[in-house]
Amino acid sequence: MTSNIDTHQPLANDPTWWRQAAVYQIYPRSFADANDDGIGDLRGIISRVPYLQGLGIDAVWLSPFYPSALADGGYDVADYRDVDPRIGTLDEFDEMVAALHAAGIRVIVDIVPNHSSDEHVWFQEALAAGPGSPERARYIFRDGLGADGSEPPADWDSMFGGLAWTRVPDGQWYLHLFAKEQPDFNWDNEEVRADFRKTLRFWSDRGVDGFRIDVAHALTKELGDSLPTQAEIDAITEPGAHPLWDRDEVHEIYADWRKVFDEYTPPRIAVAEAWVSTPRRPRYASADGLGQAFNFDLLEADFDAEQFRTIISDNLALSAASGSSTTWVFSNHDVVRHATRYALPARNGSTTKQGRDWLLSGGTEPAADVALGLRRARAATLLMLGLPGSAYLYQGEELGLPEVADIPAAERQDPAFFRNPGVDVGRDGCRVPLPWTREGKSFGFGEGGAHLPQPATFGELSVEAQDGAPGSTLELYRAALALRHELQTDETLEWVPGRADVLHFTRPNGWHVVTNFGPDAVPLPDGEVLLASEPLPGGLLPGSTTAWVRAAV
Ligand code: GLC
Ligand code: CA
């Protein structure tokens, strides 16, 4: 299969390659399983390099593939400089990087610096060494409150529900902002800092092109002797004043990492996962820091012209100010897939987690309009791929996969489900293994079955079913990504005024992108229609459809 790889376009030594790249996120355990044990692996990725090349992406980002007990889908890392034996070996990693590079695809790996796994050798040493030891000083241990120390040091909630402190047998407590198997590192500790520099060099030396930084806004914390309560923390609104999140000191770490990135040619890149307010984002994206930051604004928006317009304008202004390029995301491994989000009623600014109630109902309430959701998702993606900046895609969205809502409790894996009974069903529904073929055990994911159950509808959404099928979502992504390479131009756009429910912008080279968010068909600008997310009856742009037009000259 690898013989299909086109090696005629070697990667140029271009330090700006990331600015408008299309990056495809692979969740390795659910992508392709080459040795039929039910778990996706590096050999599986290697076998699909021709598929990735044919898709037309510029880079892949791999979610964690490191040794892990999988308390949080691999975001609980036991060893930052190795590959989980269930996923592969370091030699296979090198082979994968070489195959992707030969296909013109760069490689970004996930770095999880806020916390390790409780199986990490340092945490095991910390437990063994006892209170006050240098081993314990790599994490955040505290004595408990109350006469016998049996009360937690603070009443803080973990991100996945439940308490953020867990007691160890000798009576001390450790902090974990996420699951209890994810102890937070103490970033005031120079050993921790040195170890992450070592990790960044380890992967950079192996040819990795960049890093996605997990919860980049956590790391440094302001923990005095007496800790505030959750209520006191919640009352803090002043930017930068929160003791746990988005502290200014975190940028010292990223300035230090920037020196490591710049040791390489071209410099390694990084993108921050930082759930911070929009005005706080540019610092994560600054050129003397990580260089780029995710903008999750579109991911949280309804399919709505006004919301999209504001978000796009604001983020282009922000990136102009930071000097970075902006990023766009509709789906990833943490959220309900966008084909399903757009099948549900609009959120209208609600802060409840997207799709929460629908997931809790097992995907029945409210009824999802599957066809409309997919139609809108295709329109939204075609709009995104016409925007300046980089586009982050999540495996399976090119097939229009829906969120899987009916996973039985016994098969769920996400700690958000276990730690938050009845409140959160977690993120397993977007992590279901990909369907490659119409038939067969696990639809071609592997002969060993899928580690999360696939619905019967996955067969008709498989790569095999969509490959070469006119109008399929896969062919739409392929066409759009190929054209985007030809059309990509300066990082600006100009809005063309018009109806409130239509967004129309032009790029400097006469590339028009028009999305109709409303129900009624509308006329298209003059020129050649290059691509559309749906057929255009009568030459008009129907509702929930995007078209790319090259202006007549
Ligand atoms: C990030 C990851 C998410 C993980 C969490 C803790 O938000 O994207 O999957 O659970 O960090 O590492
Ligand atoms: Ca496997």
Side-chain angles (χ1 to χ4, degrees), residues 25-48 61-66 68-78 80 83-89 92 96 108-118 120 158-161 164 175-185 211-219 244-246 271-276 293-294 296 299 329 331-336 353 392 394 413-420 424 426-431 433-434 436 441-442 444-452:
Q25 180 188 359
I26 292 180
Y27 190 76
R29 286 181 181 77
S30 301
F31 186 68
D33 173 19
N35 67 348
D36 301 332
D37 64 355
I39 297 172
D41 42 47
L42 300 186
R43 282 248 159 264
I45 298 174
I46 293 169
S47 75
R48 301 296 177 182
W61 145 33
L62 269 61
S63 278
F65 48 80
Y66 314 110
S68 169
L70 300 185
D72 180 19
Y75 284 88
D76 46 322
V77 179
Y80 289 86
V83 176
D84 190 305
R86 288 165 292 186
I87 292 189
T89 63
E92 285 171 348
M96 178 194 73
I108 296 173
V109 301
D110 219 308
I111 296 290
V112 189
N114 179 63
H115 44 263
S116 71
S117 157
D118 60 351
H120 191 286
S158 101
M159 293 299 289
F160 295 145
L175 175 67
H176 52 88
L177 293 184
F178 294 87
K180 75 171 185 352
E181 296 86 356
Q182 294 169 294
D184 281 42
F185 279 118
F211 303 95
R212 177 262 188 191
I213 310 302
D214 190 67
V215 284
H217 57 311
L219 280 62
L244 304 177
W245 301 105
D246 191 26
V271 55
E273 185 215 17
W275 294 86
V276 298
F294 282 128
F296 294 121
L299 173 149
V329 192
S331 281
N332 64 31
H333 66 298
D334 288 332
V335 298
V336 171
K353 242 181 165 177
Y392 284 81
Y394 176 52
Q413 301 174 7
D414 187 355
F417 172 73
F418 299 109
R419 294 182 62 91
N420 235 339
D424 193 347
R427 303 158 293 179
D428 295 315
C430 62
R431 302 175 178 183
L434 290 194
W436 294 92
K441 195 160 182 190
S442 76
F445 167 68
E447 287 301 311
H451 63 93
L452 284 167

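Numbering of ligands and ligand atoms starts at 1, following listing order.
Residue-ligand proximity: Phe160 is placed with a non-hydrogen atom under 4.0 Å from ligand 1. The closest approach between any non-hydrogen atom of Arg427 and ligand 1 is below 4.0 Å. Look at His176 and you'll find every heavy atom at least 4.0 Å from all atoms of ligand 1.
At a cut-off of 3.0 Å, Gly38 does not coordinate the Ca ion (ligand 2) through any N, O or S atom. Within the coordination shell of the Ca ion (ligand 2), defined by N, O or S atoms under 3.0 Å, Asp33 is present.
Under the 4.0 Å criterion applied to side-chain N and carboxylate O atoms, Asp41 and Arg43 are not assigned as salt-bridge partners. A salt bridge links Asp424 with Lys353: the distance from a Lys NZ or Arg NE/NH1/NH2 to an Asp or Glu carboxylate oxygen falls below 4.0 Å. With salt bridges taken as basic N to acidic carboxylate O contacts below 4.0 Å, one links Arg431 and Asp334.
Atom 9 (O) of ligand 1 has its closest protein heavy atom at Asp334 OD1, 2.7 Å. The nearest protein atom to atom 4 (C) of ligand 1, hydrogens excluded, is given as Asp72 OD2, 3.4 Å; this is a heavy-atom distance. At the shortest separation from atom 7 (O) of ligand 1 among protein heavy atoms lies Glu273 OE2, 2.8 Å.
With 3.5 Å as the limit, one finds no donor-acceptor pair spanning the side chains of Ser117 and Glu181.
With atom 2 (C) of ligand 1 as the reference point, the heavy atom nearest to it among Asp414, Asp214, Asp76, Asn114 is part of Asp214.
The N, O or S atom of Asp37 lying closest to the Ca ion (ligand 2) is OD1. Nearest N, O or S atom of Asp41 to the Ca ion (ligand 2): atom OD2.
Here's the thing with Arg212: one of its N/O atoms is less than 3.5 angstrom from an N/O atom of ligand 1.
The only option from Phe294, Tyr27, Phe31 that meets the ring-ring contact (aromatic ring centres under 6.0 Å, His included) definition with Trp61 turns out to be Phe294.
For Asp76 (side chain) and Leu70 (main-chain N/O), a donor-acceptor pair under 3.5 Å exists by modelled atom type.
Aromatic pair Trp275/Phe296: centroids less than 6.0 angstrom apart. With ring centers used as reference points, Tyr75 lies 6.0 Å or more from His115.
Proximity of His115 to ligand 1, defined as any heavy-atom pair under 4.0 Å, is confined to the side chain (atoms from C-beta onward).
With ligand atoms numbered from 1 in the order given, ligand 1 contributes 9 (O) to contacts under 4.0 Å with heavy atoms of Arg431.
Looking at residues two or more places apart in sequence or on another chain, you find a ring-ring contact (aromatic ring centres under 6.0 Å, His included) between His176 and Tyr174.
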